[in-house]
Amino acid sequence: MTAERKFRSLSVFFPAYNDAPSLPDLVRTTFEVLERHVEDYEVIIVNDGSEDNTAEVLEDLRRHYAPHLRVITHPENRGYGGALRTGLAAAKRDFVFYTDGDGQYDVAELPRLLALTGPATGLVNGYKLERNDPPHRIWIGRLYNFCARLLFRIRIRDIDCDYRLIRRALLEKIHLASTSGTICVELVRKLELSGCEVKEIGVRHYPRLHGRSQFFRVRSLAKTFLQLVRLWFRLVVLGRRATPAA
């Protein structure tokens with residue numbers, strides 16, 4: 001993609017849970033990138049029942065960046081999967097990009113994903129060049145990624161990298177049911193099964209400066225594991241039985 005030719009149509013979406021400190025810089029950078037590289041765009045932030053002052057921060061941002069910024073609020077926390085489902089369903093442009101609201105990924109790298117899209121491209125997925133997390137999170141992440149790729153026969157190298165650009169027409173054809181972090185497995189598996197072209201690109205991952213990840217708590221990990229087993233049974237076991245023999 002050259003500087004003269006802008007990307008035509010893009011929705012950018014961020015799930016946010018207690019991310020008030022990171023949101024102003026994230027949103028500012030996002031609009032700087034979109035104004036330079038995209039013709040028609042919107043930004044959506046889903047406040048997933050935050051307990052800090054995320055609501056107040058988002059209201060200030062909404063007033064400043066209206067009408068291009070929309071805020072959707074969940075009165076209660078619905079989990080990462082619930083926030084993703086809301087944001088993806090709300091997107092209206094031809095492609096949808098999402099990453100987390102905690103600032104661990106740099107939205108300034110988005111043009112590199114846009115440049116990889118072609119007529120058949122359905123998914124451009126980032127992979128972490130180096131993970132900047134505490135050692136226990138790195139090992140849990142590696143184990144989760146290995147098991148998910150093995151069990152679900154997913155081809156992309158980093159399921160745990162929430163830095164994705166997706167063709168919206170494909171999202172309209174799949175139904176997502178997960179409410180935890182397993183939604184990433186469900187999403188990628190169903191996109192790969194659609195037969196669309198999938199591309200990957202390395203992106204930088206930064207230390208988390210504010211808040212605490214909800215994924216790596218014991219209760220959350222247990223819930224994610226159970227949902228992963230149910231998802232495997234539904235998508236792989238039942239999916240195989242539903243496929244007619246050649």
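Because only heavy atoms are used, hydrogens play no part in the values below, and waters and symmetry mates are left out as well, while side chains stay in.
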Qualifying residue for side chain to side chain donor-acceptor pair (under 3.5 Å) with Asn125, from Arg157, Arg164, Glu200
Arg164

Please answer: with hydrophobic residues joined when any side-chain heavy atoms are less than 4.5 Å apart, are Phe146 and Ile140 in the same cluster?
no

Hey, quick one: are Ile174 and Ile156 part of the same hydrophobic cluster, counting side-chain heavy atoms closer than 4.5 Å, chains of contacts allowed?
yes

Would you find a donor on one side and an acceptor on the other, under 3.5 Å apart, between the side chain of [X] and the backbone of [Y]?
{"X": "Arg131", "Y": "His205", "answer": "no"}
{"X": "Glu192", "Y": "Arg155", "answer": "yes"}
{"X": "Ser50", "Y": "Ala55", "answer": "no"}
{"X": "Arg189", "Y": "Phe152", "answer": "yes"}
{"X": "Thr117", "Y": "Leu113", "answer": "no"}
{"X": "Asp48", "Y": "Arg78", "answer": "yes"}
{"X": "Glu186", "Y": "Ala177", "answer": "yes"}
{"X": "Asp100", "Y": "Asp102", "answer": "no"}

What heavy-atom pair brings [X] and [Y] nearest, and what distance separates the two atoms?
{"X": "Leu23", "Y": "Gly101", "value": "CD2-O, 4.1 Å"}
{"X": "Glu39", "Y": "Lys6", "value": "CG-CB, 3.7 Å"}
{"X": "Asn53", "Y": "Ala20", "value": "OD1-CB, 3.1 Å"}
{"X": "Lys92", "Y": "Ser11", "value": "N-OG, 3.3 Å"}
{"X": "Arg93", "Y": "Ser9", "value": "CB-OG, 3.1 Å"}
{"X": "Asp160", "Y": "Gly141", "value": "OD2-CA, 4.3 Å"}

Working for side-chain contact (heavy atoms from CB on, under 4.5 Å), residues Leu228 and Tyr144:
CA-CA 10 Å; Leu228 196 66; Tyr144 178 80; 4.1 Å; yes

If we only count heavy atoms from C-beta on, is the [X] to [Y] side-chain gap below 4.5 Å?
{"X": "Glu51", "Y": "Tyr17", "answer": "yes"}
{"X": "Leu69", "Y": "His64", "answer": "no"}
{"X": "Leu165", "Y": "Leu116", "answer": "no"}
{"X": "Thr73", "Y": "Leu58", "answer": "no"}
{"X": "Leu88", "Y": "Val96", "answer": "yes"}
{"X": "Leu84", "Y": "Leu176", "answer": "no"}
{"X": "Leu110", "Y": "Leu10", "answer": "yes"}
{"X": "Cys161", "Y": "Val203", "answer": "yes"}

Test side-chain hydrogen bond (donor to acceptor under 3.5 Å, both in side chains) applied to [X] - qualifying residues, sequence neighbours left out:
{"X": "Arg8", "result": "Asp94"}
{"X": "Asp60", "result": "Arg63"}
{"X": "Thr54", "result": "Asp52"}
{"X": "Arg62", "result": "Glu59"}

Sequence neighbours left out, what passes side-chain contact (heavy atoms from CB on, under 4.5 Å) with [X]? Give chain and number order.
{"X": "Thr179", "result": "Arg85, Lys223, Gln227"}
{"X": "Arg28", "result": "Asp25, Glu32, Tyr65"}
{"X": "Ala148", "result": "Ile159, Val185"}
{"X": "Ala89", "result": "none"}

For the atom pair [atom1] ([X]) and [atom2] ([Y]), what is the distance rounded to the nearest 0.5 Å?
{"X": "Ile154", "Y": "Leu187", "atom1": "CD1", "atom2": "CG", "value": "9.5 Å"}
{"X": "Leu235", "Y": "Leu151", "atom1": "CG", "atom2": "CG", "value": "11.5 Å"}
{"X": "His68", "Y": "Leu34", "atom1": "NE2", "atom2": "CG", "value": "9.5 Å"}
{"X": "Leu26", "Y": "Asp19", "atom1": "CG", "atom2": "CG", "value": "8.5 Å"}
{"X": "Cys196", "Y": "Leu170", "atom1": "SG", "atom2": "CG", "value": "5.0 Å"}
{"X": "Glu130", "Y": "Ile138", "atom1": "CD", "atom2": "CD1", "value": "8.0 Å"}

Excluding Leu129, membership of its hydrophobic cluster (Ile, Leu, Val, Met, Phe, Trp, Tyr; side-chain heavy atoms within less than 4.5 Å) reads Tyr127

Clusters formed by hydrophobic residues whose side-chain heavy atoms approach within less than 4.5 Å: which one holds Leu143, and what are its other members?
none

Which residue pairs satisfy the salt bridge (charged side-chain N to carboxylate O under 4.0 Å, His left out) criterion with at least one member in residues 170-183, sequence neighbours excluded?
Arg168-Glu172

Does Val12 form a side-chain contact (heavy atoms from CB on, under 4.5 Å) with Tyr41? I'd like the steps, not just the answer.
CA-CA 8 Å; Val12 172; Tyr41 59 84; over 6 Å; no

I need the full list of ring-ring contact (aromatic ring centres under 6.0 Å, His included) pairs touching residues 155-202, with sequence neighbours left out, sorted by first then second residue.
Phe97-Tyr163, Tyr105-Tyr163

